[in-house]
Amino acid sequence: MSSVRIVLPDNSSKTFDHEPTVLEVAQSIGPRLAKDTLGGQINGESEVVDLRTKLPDGTKLKIITIKSPESLEVIRHSSAHLMAQAVQEIWPDIKVTIGPVIENGFFYDFDSPRSFTPEDLELIDKKMQEILKRDEEVVREDWPIQTAIETFSKMGERFKVELIEDLAKKGETMVGIYRQGKTWFDLCRGPHVQRMGQISAVKTLSIAGAYWRGDEKNPQLQRIYATAFNDRKELEEYLHNLEEAKKRDHRKLGKDLGLFYFHQLAPASPFFAPKGTTIYNELQNLMRELYKKYGYQEIITPQMYDVDLYHQSGHWENYRENMYFSKVDERDFSMKPMNCPGHCLLYQAERKSYRDLPWRVADFGRLHRYERSGVIHGLTRVRTFCQDDAHIFCRMDQLQHEIAQFITMLNETYSTLGMSNYQIFLSTRPAKRMGDDSVWDSAEGALENALKSLHLPYKINAGDGAFYGPKLDIMFVDALKRPWQLGTLQCDFNLPRAFELGYVGEDNKEHRPVMLHRAILGSLERFIGVYLEHTAGHLPTWLSPVQVVLLTVTDRQLDYARGLKKKLEDLGIRAEVDERSEKLGYKIREAQLQKIPYMLTLGDKEVAGGTVSVRLKGGQVLEALSFESFSEQLQKEIRERRLETVFTPPANKLNQEAKHSSL
RNA sequence: GCCCAUGUGGCUCAGGGGUAGAGCACACCCUUGGUAAGGGUGAGGUCGUGAGUUCGAGUCUCACCAUGGGCUCCA
């Protein structure tokens, strides 16, 4: 016997012990809701999405979620149909395929003899508006599956036919058809809006290629991305956010702030300018401090290895197409795509006893991976990079402690960087794997127990582990709510065996260590890209390439400025003097655009009093501070890696802001 | 790798078959001015690379390279 639970748009629910009739559902949720949200359903139109699920006792529970016709998902889904209708009204020879709702909108894939152009998008937008004005009724019909196949076959819609045939294979006998207006209809499970006019804010966004069912062996289709919202205002807001995201694009920030560049003679390989290198080095300094604190030792290992190494590690078998090769003295060499095999060689170089474990070794080695041309992107997907990579070789009974220590270290790193919004995913054994299940049991147990001992929430990705061991992935969620995978910890049973690693135990017998691969920032390159987007380029002072810029009111104060710059540099503060004979306002504008944390404005007053006036990034001004007071507070801010300024904005801040806003 | 788009001085971009433009940046000159752009003068590119069409090609065609948006891939 199966029971049915109806979930209403307001998340309240009612459970039936039998399959309720439509009328029963309508009655049970009250006449108003029935009229507003189920009006169509009473007339045979489904406004439901059903999910079948099993209860713990094995009985089936059918959950029917009733979507309000006003729900965004419904509007977007209907908008996808609207877009398909528009495209076919403009170009009747174009065939439709599928058009699902995605996170921020929807897309529809078309089988078109030619590609769409940006001008086509304008045409489609216009046509959609035209259709909306007709405000046609949306009607659901249920067709016997054979009728549907015949109808779509006649129309030449081979992709639809394929979809329906798949439904038939699954045992469906009827399919839902939604009609918009007199002639246009599409296969759909629903639900949809009741009248097209209910869609008020819809817009095409971009064109892309896509494969039928995401398989590159299948025909290439033309995808149009679009989005829809409840009203114009929400749509405008979304489009505005897209613009904001563009402004935060780390590729643009990198150029504007003079951090890094690319050149076509070294595709997908960043050049870090002095300022970018400062950030890079500061991050390495941070990691090195933490390495010391958490008992890691740093090592340096070769860049190129005889390919025999990769035969032994298994990378030749599985990773060859991502590696760079070179022939020297008739021997085949490869640039290292990861540090681990080299670390195994170094592990072996000295005989290990159980007293030597855990052996934690960190390596900022440069890696090269050939990434397919279509996947490279700014700093976040490059062909040469450097990880904050380390490997921990330990005994099985040390595993849980090492894992917990890693997470603690990661948490310390992320909170230092103002990135406390992250999620942990535990990926467990996949179907294809190596090693005994007992080993998997203890490794997965160690991971889970470590997380539990720290009282950290985590999610399980069952079956998502690597073939050589389970892993943790840490997803950082940035200021724009976008997830990024940065940190990772992977248990590896494979490499220790492939390299026949061992240690002598207390029992004087040979044992095999477990190997942990772990990174916190991921790669420095990728991290810098993500962090720039997260902070929109407003780095904390300790990471800022230029921490203080000295701006003179006239050239008369230049010597004073140069003297202060020297003093600051002697204190380890990165300072610059803008020596150009420009107006103060001009120099401030530039410093502001460069997002420099502190501007010291120096005029005759400051020279006379031996003081500085500090302009904060926010525009507030602290007048006539003694240099010592300024530099001491700043040093503290940098030393403690503060995220926010240590300076208290002046009391007249409000007045200043009022002045600004009235301008 | 696949589809589409783009590739003009350091940057952002306009132009579009008859031998290159703007703003910013840069250099020099004038101005020495207190919290987001003072004024003038000048230097700088053969228009991603190669081939083709043409009397003539940044401008049209093709190939390649790079970049961008997607797809796919991601030990």
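Lettering of chains follows the sequences in order, A, B, ..., and the numbering in each one begins at 1.
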Using atom [atom1] in both nucleotides, what's the gap between [N] and [M] to the nearest angstrom?
N      : M      : atom1 : result
B:rU35 : B:rC29 : P     : 27 Å
B:rU49 : B:rA22 : C1'   : 27 Å
B:rA14 : B:rG9  : C1'   : 14 Å
B:rG17 : B:rC13 : C1'   : 23 Å
B:rG23 : B:rC64 : C1'   : 34 Å
B:rU54 : B:rU46 : P     : 27 Å
B:rG18 : B:rG42 : C1'   : 29 Å
B:rC73 : B:rA25 : P     : 47 Å

Counting side-chain heavy atoms from C-beta on, which of [options] comes nearest to [X]?
X      : options                : result
A:S206 : B:rU67, B:rG69, B:rC71 : B:rG69
A:V375 : B:rU32, B:rG34, B:rC73 : B:rC73
A:K255 : B:rC26, B:rC11, B:rA36 : B:rC11
A:R372 : B:rG1, B:rG38, B:rG69  : B:rG1
A:R615 : B:rA36, B:rA75, B:rC26 : B:rA36
A:Q264 : B:rA66, B:rA36, B:rG33 : B:rA66

Starting at atom [atom1] of [X], determine the distance to atom [atom2] of [N], rounded to an integer number of angstrom.
X      : N      : atom1 : atom2 : answer
A:R320 : B:rG1  : CZ    : C1'   : 17 Å
A:I588 : B:rA37 : CD1   : P     : 10 Å
A:L584 : B:rA36 : CG    : P     : 8 Å
A:W484 : B:rC74 : CH2   : P     : 19 Å
A:Y261 : B:rG10 : OH    : P     : 13 Å
A:Y560 : B:rG34 : OH    : C1'   : 15 Å
A:L551 : B:rA36 : CG    : P     : 12 Å
A:E321 : B:rC73 : CD    : C1'   : 10 Å

All stems with RNA chain B, defined as three or more consecutive Watson-Crick or G-U pairs under 3.5 Å:
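B:1-7 with B:65-71, B:10-13 with B:21-24, B:26-30 with B:38-42, B:48-52 with B:60-64 - these are the stems of 3 or more pairs that involve RNA chain B.
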So which one's nearest nucleotide on RNA chain B is more toward 5', A:H263 or A:H315?
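The residue mapped nearer the 5' terminus is A:H263.
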Would you kindly compare A:S373 and A:Y319 by the position of their nearest RNA chain B nucleotide and give the one closer to the 5′ end?
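Per heavy-atom nearest nucleotide, the more 5' residue is A:S373.
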Is it the case that over 12 heavy atoms from other parts of the model lie below 6.0 angstrom from the CZ atom of A:R497?
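It does not: A:R497 CZ has 12 such atoms or fewer within range.
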Indicate, with a heavy-atom threshold strictly under 4.0 Å, whether [X] touches base, sugar-phosphate, or nothing.
X      : result
A:F467 : base
A:M338 : sugar-phosphate
A:G374 : base
A:S613 : base
A:Y370 : sugar-phosphate
A:G378 : sugar-phosphate
A:K605 : base
A:D256 : nothing
A:A268 : sugar-phosphate
A:L265 : nothing
A:R381 : base
A:E582 : base

So, is [X] near the phosphate of [N], with a side-chain N or O under 4.0 Å from OP1 or OP2?
X      : N      : answer
A:H377 : B:rG69 : yes
A:Y586 : B:rA25 : yes
A:Y225 : B:rC4  : no
A:R251 : B:rG69 : yes

Is B:rG58 in the syn range, within 90° of 0, or in the anti range?
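With its glycosidic angle within 90° of zero, B:rG58 counts as syn.
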Of A:I596, A:L259, A:L257, which meets side-chain contact (heavy atoms from CB on, under 4.5 Å) against A:P545?
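Exactly one option meets the side-chain contact (heavy atoms from CB on, under 4.5 Å) with A:P545, and it is A:L259.
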So [X] and [Y], would you call those rings parallel, tilted or perpendicular, with 30° and 60° as cut-offs?
X      : Y      : result
A:F493 : A:W440 : perpendicular
A:F260 : A:F262 : perpendicular
A:H315 : A:Y319 : perpendicular
A:W316 : A:H311 : tilted
A:Y468 : A:H517 : tilted

What do the steps show when you test A:F110 against A:W91 for ring pair (Phe, Tyr, Trp, His ring centres under 6.0 Å), and what is the final call?
CA-CA 11 Å; A:F110 296 96; A:W91 302 281; 8.7 Å; no
Identify, with sequence neighbours excluded, every residue that meets salt bridge (charged side-chain N to carboxylate O under 4.0 Å, His left out) alongside A:E525.
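Expected list: A:R366.
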Check salt bridge (charged side-chain N to carboxylate O under 4.0 Å, His left out) between A:E444 and all other residues, then give those that pass, not counting sequence neighbours.
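Partners of A:E444 under the salt bridge (charged side-chain N to carboxylate O under 4.0 Å, His left out) test: A:R429.
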Do A:E606 side-chain and B:rG34 base share a donor-acceptor contact under 3.5 Å?
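Answer yes: a donor N or O sits under 3.5 Å from an acceptor.
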Do A:E317 and A:Y310 get their side chains close enough for a donor-acceptor pair, meaning under 3.5 Å?
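Short answer, no.
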